[in-house]
Amino acid sequence: MGPTRTLQLARRLITAPTVGPFIALVLTMVFFSLKTDRFFQAQNFSLVLQQVMIVGVLAIGQTLVILTAGIDLSVGTVMALGQVIMTKLAVANGVPVVPALLLGVLTCVGFGVLHGGLVTGVRLPPFIITLGTLNIAFALTHIISNDLTFTGLPKLELFWGRTFSISGTDFTYGVVLMLVLYALAWYGLNQTAWGRHVYATGDNREAARLTGINTNRVLLSVYTLAGLTYGIAAWLLIGRTQVGDPNAGQTTENLDSITAVVLGGTSLFGGRGTVIGTLIGALIVGVFRNGLTLIGVSVIYQYLVTGILVILAVSVDQFLHRRNG
Amino acid sequence: MSETPILQLRGISKSFGSVQALADVDFEVRDGEVMALVGDNGAGKSTLIKCVAGIHSPDSGEILFEGKPVHISSPKDAGRLGIEVVYQDLALCDNLDVVQNMYLGREERDWLWRLKEPLMEQRTAETLRSLSVTTIRSIRQPVASLSGGQRQSVAVAKAVQWNSKVVILDEPTAALGVAQTRQVLELVKRLADQGLAVVLISHNLHDVFEVATRITVLRLGRDVGVYEREKTTQQEVVQAITAGIPTKVAGIPTTAPELAS
């Protein structure tokens with residue numbers, strides 16, 4: 001059984017969905033390596049990973065949601081709210097660090113439960129629900145923080161920004177956590193019945209229900225876990241910026257998380273895609289931003305490129321969807 | 001054939017608002033037979049089946065399983081009794097492969113919640129072989145890549161592998177070509193030969209007359225009679241479908257043909 005197991009694993013890792021995104025990533029890296037000497041260096045790769053970390057973790061939650069044929073527009077602002085709660089409680093309200101962190105994470109989980117409840121209970125489209133909570137979380141972030149930036153944070157809140165060294169190159173613990181979360185998500189989606197039910201629900205909710213799967217429970221679990229990843233991303237964000245900034249996480253993170261998922265080959269129609277693809281997608285976004293910065297392209301053009309990238313990726317998805325019926 | 005019908009419905013009525021979908025319907029199926037359920041659009045075939053499957057609950061009437069009254073309030077309840085329904089378009093998930101579909105909702109897993117893939121793969125292969133479903137190249141290919149007949153075969157195999165006793169097939173040949181239809185009808189016959197009770201819902205009387213042991217006709221939400229395949233003709237059944245008069249006594253054909261002639 002051992003060899004067949006390994007073979008299956010190998011086949012699943014290299015089957016079609018992740019190959020395309022992987023080639024795109026390699027081509028992107030080759031392009032920037034030819035354009036500038038500063039790109040292909042260990043220290044720069046470490047930087048790309050740190051830059052990818054936040055969007056990478058948000059994109060895990062986004063992948064779960066999109067696999068069920070939903071979408072979450074609120075990821076960035078929910079994370080920002082979690083981050084402000086964590087830092088404000090610890091600095092301004094004198095709450096011990098652990099409860100402060102927990103309350104921040106729980107707030108994000110609460111938003112996930114709210115999304116899941118509205119999707120299953122009231123049967124509203126995820127697009128509208130999360131457009132609403134995007135604004136709610138944005139407002140709450142600024143109301144709670146009073147537009148102040150919180151500094152002098154406890155050590156534990158900054159933990160994920162700390163670095164360790166592998167043969168002269170520094171890596172943050174946050175990057176390690178991101179990779180661990182990807183491994184967990186991969187396990188859940190590919191090795192457990194829960195994951196299979198997520199794929200089934202995303203492809204054909206009615207068929208899944210008639211088979212005897214409790215699709216409402218599946219959807220609720222997906223949105224709740226997504227909320228948990230936003231909460232973890234909030235903690236990572238503090239590690240990255242070293243402050244609690246009400247304006248952080250609200251500009252590019254929403255679209256970037258969706259871009260990463262779509263570039264990674266996950267279908268917006270639900271039921272098709274992989275979390276490994278999302279990691280590659282997040283790296284593509286990260287490499288593009290990093291590379292464009294290195295060759296001196298202004299930030300505004302990065303928005304232009306990301307916008308074009310996401311539309312291209314969605315077009316490919318649409319094309320494949322039509323062909324497969 | 002056994003003495004007591006494995007599944008028996010008595011006086012089932014069901015309304016949706018002011019629409020009476022089923023009125024006092026009797027229905028039964030025995031082990032080892034193919035009971036066809038025919039009727040025009042809106043005759044109540046689907047509603048009747050959904051009452052058995054636990055999707056709808058009847059307003060009145062009773063359901064007997066192996067002679068004992070049962071209450072079926074969800075697809076899980078039906079599954080526990082050994083009643084499986086193969087829905088026309090909603091039987092399989094396109095994005096999953098054959099094995100994944102066969103075990104959907106009832107996956108085998110270990111203490112780490114990990115799926116026992118080799119076990120499920122092996123059993124799927126055995127189930128398909130026992131039903132002589134041999135045309136599928138790989139049971140690890142997504143069902144989206146299968147032909148219509150293969151898909152139906154997988155859907156049927158999925159339904160029968162849980163030691164089910166009653167299998168209900170909703171229009172299994174509706175979207176299939178000639179060769180594919182043959183493939184599925186052969187499978188239906190094999191199920192009955194293996195001792196299962198099969199309920200076949202179909203519009204196609206050709207198909208029905210090829211495999212059915214008995215035929216129940218529904219018209220406008222009422223049952224108008226049960227016909228033995230060998231003692232009836234297509235004309236008689238067509239008459240019943242279009243102009244049959246309901247009878248209160250199950251198992252006795254109506255006088256419908258006299259009406260028209």
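Note that this is a predicted model, so its numbers are computed, not measured. Below, read A as the first sequence line, B as the second, and so on, with proteins coming before strands; counting in each chain starts at 1.
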### Query
Of the backbone (N, CA, C, O) and the side chain (C-beta and beyond), which part of B:L92 lies under 4.5 Å from a heavy atom of chain A, both, or neither?
backbone
### Query
Under 6.0 Å from the CZ atom of B:R190, do we count more than 12 heavy atoms belonging to anything else shown?
yes
### Query
Does a sphere of radius 6.0 Å around NZ in B:K189 hold more than 12 heavy atoms from other residues, nucleotides or ligands, not counting ones at 6.0 Å or beyond?
yes
### Query
Checking B:N95 side chain against A:Y199 main chain: does a donor-acceptor pair fall under 3.5 Å?
yes
## Note on the structure
The reported gap from CG in A:L210 to CG in B:L104 (rounded to nearest 0.5 angstrom) is 11.0 Å
### Query
What's the spacing between A:T192 OG1 and B:R114 CZ if we round to 0.5 Å?
11.5 Å
#### Entry: Validation row: A:T211, B:R106 side chains within 4.5 angstrom (heavy atoms)
no
### Query
Is it true that atom CZ of A:F269 has more than 12 heavy atoms of other residues, nucleotides or ligands lying nearer than 6.0 Å?
yes
#### Entry: Over 12 non-hydrogen atoms of neighbours within 6.0 angstrom of CG in B:D110
yes
### Message
For a salt bridge (Lys or Arg N to Asp or Glu O under 4.0 Å) check, start with the C-alpha distance between A:R196 and B:E108, then their side-chain angles and the critical distance, and finish with the verdict.
### Response
CA-CA 12 Å; A:R196 196 137 299 164; B:E108 298 281 347; over 6 Å; no
### Summary
Looking only at A:G271, A:G202, A:A193, A:A200, the option with the highest number of non-hydrogen pairs under 4.5 Å against chain B is A:A193
### Message
Distance check, rounded to the nearest 0.5 Å: B:S74 atom OG versus A:R209 atom CZ?
### Response
10.5 Å
### Summary
So ring-ring contact (aromatic ring centres under 6.0 Å, His included) across residues 147-168 of chain B, not counting sequence neighbours, yields B:Y103-B:W162
### Task
Dump the intermediate steps for side chain to side chain contact (heavy atoms under 4.5 Å, CB included) on B:D94 and A:R272, then the final yes or no.
CA-CA 10 Å; B:D94 273 344; A:R272 288 175 172 83; 4.0 Å; yes
### Query
Got A:H197 and B:E107 here, is their nearest side-chain heavy-atom distance under 4.5 Å?
yes
### Validation row: A:Q191, B:L115 side chains within 4.5 angstrom (heavy atoms)
no
